[in-house]
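These notes are about the structure you will find just below.
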2 protein chains.
Amino acid sequence: MPGNSMKISEEPKVARARCHTNPNVSCSDCRLGALCLPIALSTEEVDQLDEIVKRGRPLQKGDHLFRESDEFHSVYAVRSGSFKAYSITDSGEVQVTGFYLPGEILGMDGISSRHHCASAVALEVSSVCEIPFERLEGLATKLPSLQHHFFRIMGKEIIKDQQMLTLLGCNSADERLSSLLLSISARNSSRHLSATKFRLAMTRSDIGNYLGITVETVSRSFGRLQKNNVLKVTNKEIEILDMDALKKAANVNQDK
Amino acid sequence: MPGNSMKISEEPKVARARCHTNPNVSCSDCRLGALCLPIALSTEEVDQLDEIVKRGRPLQKGDHLFRESDEFHSVYAVRSGSFKAYSITDSGEVQVTGFYLPGEILGMDGISSRHHCASAVALEVSSVCEIPFERLEGLATKLPSLQHHFFRIMGKEIIKDQQMLTLLGCNSADERLSSLLLSISARNSSRHLSATKFRLAMTRSDIGNYLGITVETVSRSFGRLQKNNVLKVTNKEIEILDMDALKKAANVNQDK
DNA sequence: TGCAAACATTGATTCGCGTCAACGAAGCGA
DNA sequence: TCGCTTCGTTGACGCGAATCAATGTTTGCA
């Protein structure tokens, strides 16, 4: 199919050695497999999935993967980097609805109608696997385990959003921020990155917007957590010094 | 399959004339069809769906459809009445995650793992169609349009939750309450009930919990909306007097 | 390398909503 | 129908976070 990688601008300048930045790596070789769609598929099934997946060039920071009201064609698996999903309210304000890390699936907001109802923008140099949804559906009809797995992925998104609702329902600024950090920590951990030391790709403003608090409050909350020796914060670099204290501060189950 | 209707207690005492309370009505006869799973299915397909659907006796107010940590077996379509979904946080507090009206699908929180992560309780005498999920998956493999439709239903749930996130993100008590009322109004309207006059099955406490505000604030917010001649509130009976003003108060798009 | 824009921090002040308390109203079982 | 329990309303008060403002820091482009 032509136009395979037309969506994405700029010649890739990053190394091609690592699987998650190399457009030619197949699903079966990708080390994110255990987190991503191929999980629970047999080798032949993965190969069939592989055939419908489009791998584009990396997106630059600030590039949009899709925009609100774009026609919906595909969901995307984050291969490297990270994305922020957001929508614009009637009153013209931005609302960040989620952050997506490698192995996570983006764009499911478009499944129920013919268009996306959120935008997705790269927070850093990032790459994705584009999965045309119609073809995924077609394949899912033939591969029950793929159908099952995609139902589960969507179910996970539902749970994630509902946990977020719980968080925003009644928790304080410190609890919200702590929960977000724990969530990122756990997600990093599940992809074999450090659970205690990481770089936040998003701005304080994104964090605040996502958590339903202002930038200033985010900043002060970071300050408090740092003062209590729970965190070490150096700009966007976060080090969790006391995981138990952070969990206590979050006051929320983080098992998933 | 035996034990078809064992889940549900008490002999039904409600009339059997209306389709949505009659356990013997098939999907093809149910007037909720246009909202529920059968939408977009052919007659024969609906008949196949019909075969896997279990219709139980009505649930009484306060009866649980399923509980958090129950094993997940089925999703449920509300046939009549209404339900509240909620979960218990670590700190032991209740968090209401949604209200479900006739034609809406409940229980998708269990799809991604083997157990539910929320409880569902009837807010009034209610009845459901139980749809064993494994059998639904099996049928979806054979009926692409059913698969497609269920993907869409799950997508809708995701969007609904994300809109809720947006609402809780930064809106005032009045905006939240107005949005909920508009949502219920629109959902009533889509099932050919009055968009301007309805009875809230849930308590003020449920509403507040769902919206992330206290009972007292709910009460005061109702008071303000009433004082401004936007609503007429008589206990649980709500009459929307000025839809435009309510939309303005909600300050949020309600189209879906 | 330097400058401007975007991002982040900190302080002072304000305000919406939570909390506490009291009481009235509705729903329900005996 | 009574009496209890749950639910709902109203008022007083204080706190946490928003807002406003000023300033420092980082980033990215020319």
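Excluded from the calculations below are hydrogen atoms, water molecules and symmetry mates; all remaining heavy atoms, backbone and side chain alike, are included. These numbers were taken from a predicted model, which means no experiment stands behind them.
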Between A:Ser127 (side chain) and A:Pro58 (backbone), is there a donor-acceptor pair under 3.5 Å? no

Examine the base of D:dG11 for any acceptor or donor lying under 3.5 Å from a partner atom in the side chain of B:Arg220, and report the outcome as yes or no. yes

Using atom [atom1] of [X] as one end and atom [atom2] of [N] as the other, report the distance to the nearest whole Å.
{"X": "B:Glu216", "N": "D:dC15", "atom1": "CD", "atom2": "P", "value": "17 Å"}
{"X": "A:Lys61", "N": "D:dC29", "atom1": "NZ", "atom2": "C1'", "value": "13 Å"}
{"X": "B:Asn209", "N": "D:dT6", "atom1": "CG", "atom2": "P", "value": "17 Å"}
{"X": "A:Gln226", "N": "C:dT9", "atom1": "CD", "atom2": "P", "value": "9 Å"}
{"X": "B:Asn235", "N": "C:dG24", "atom1": "CG", "atom2": "P", "value": "17 Å"}
{"X": "B:Leu200", "N": "C:dA26", "atom1": "CG", "atom2": "P", "value": "16 Å"}
{"X": "A:Glu237", "N": "C:dA8", "atom1": "CD", "atom2": "C1'", "value": "16 Å"}
{"X": "A:Lys236", "N": "D:dT25", "atom1": "NZ", "atom2": "C1'", "value": "12 Å"}

Using a cut-off of less than 4.0 Å, is there contact between a side-chain N or O of A:Thr203 and OP1 or OP2 of C:dC7? no

Ignoring backbone atoms, establish whether A:Ser219 has a side-chain N or O less than 4.0 Å from OP1 or OP2 of C:dA8. no

Describe the nucleic acid contact of B:Gly62 in one word from base, sugar-phosphate, nothing, applying a heavy-atom distance below 4.0 Å. nothing

Does this structure show an ion pair linking B:Glu124 with B:Lys61, if we count only N-O contacts that are shorter than 4.0 Å? no

Is any side-chain N of the basic residue among A:Arg187 and A:Glu104 closer than 4.0 Å to the acidic one's carboxylate O? yes

Quick one: do A:His116 and A:Asp109 satisfy side chain to side chain donor-acceptor pair (under 3.5 Å)? Show the steps, please. CA-CA 6 Å; A:His116 284 284; A:Asp109 59 277; 3.3 Å; yes

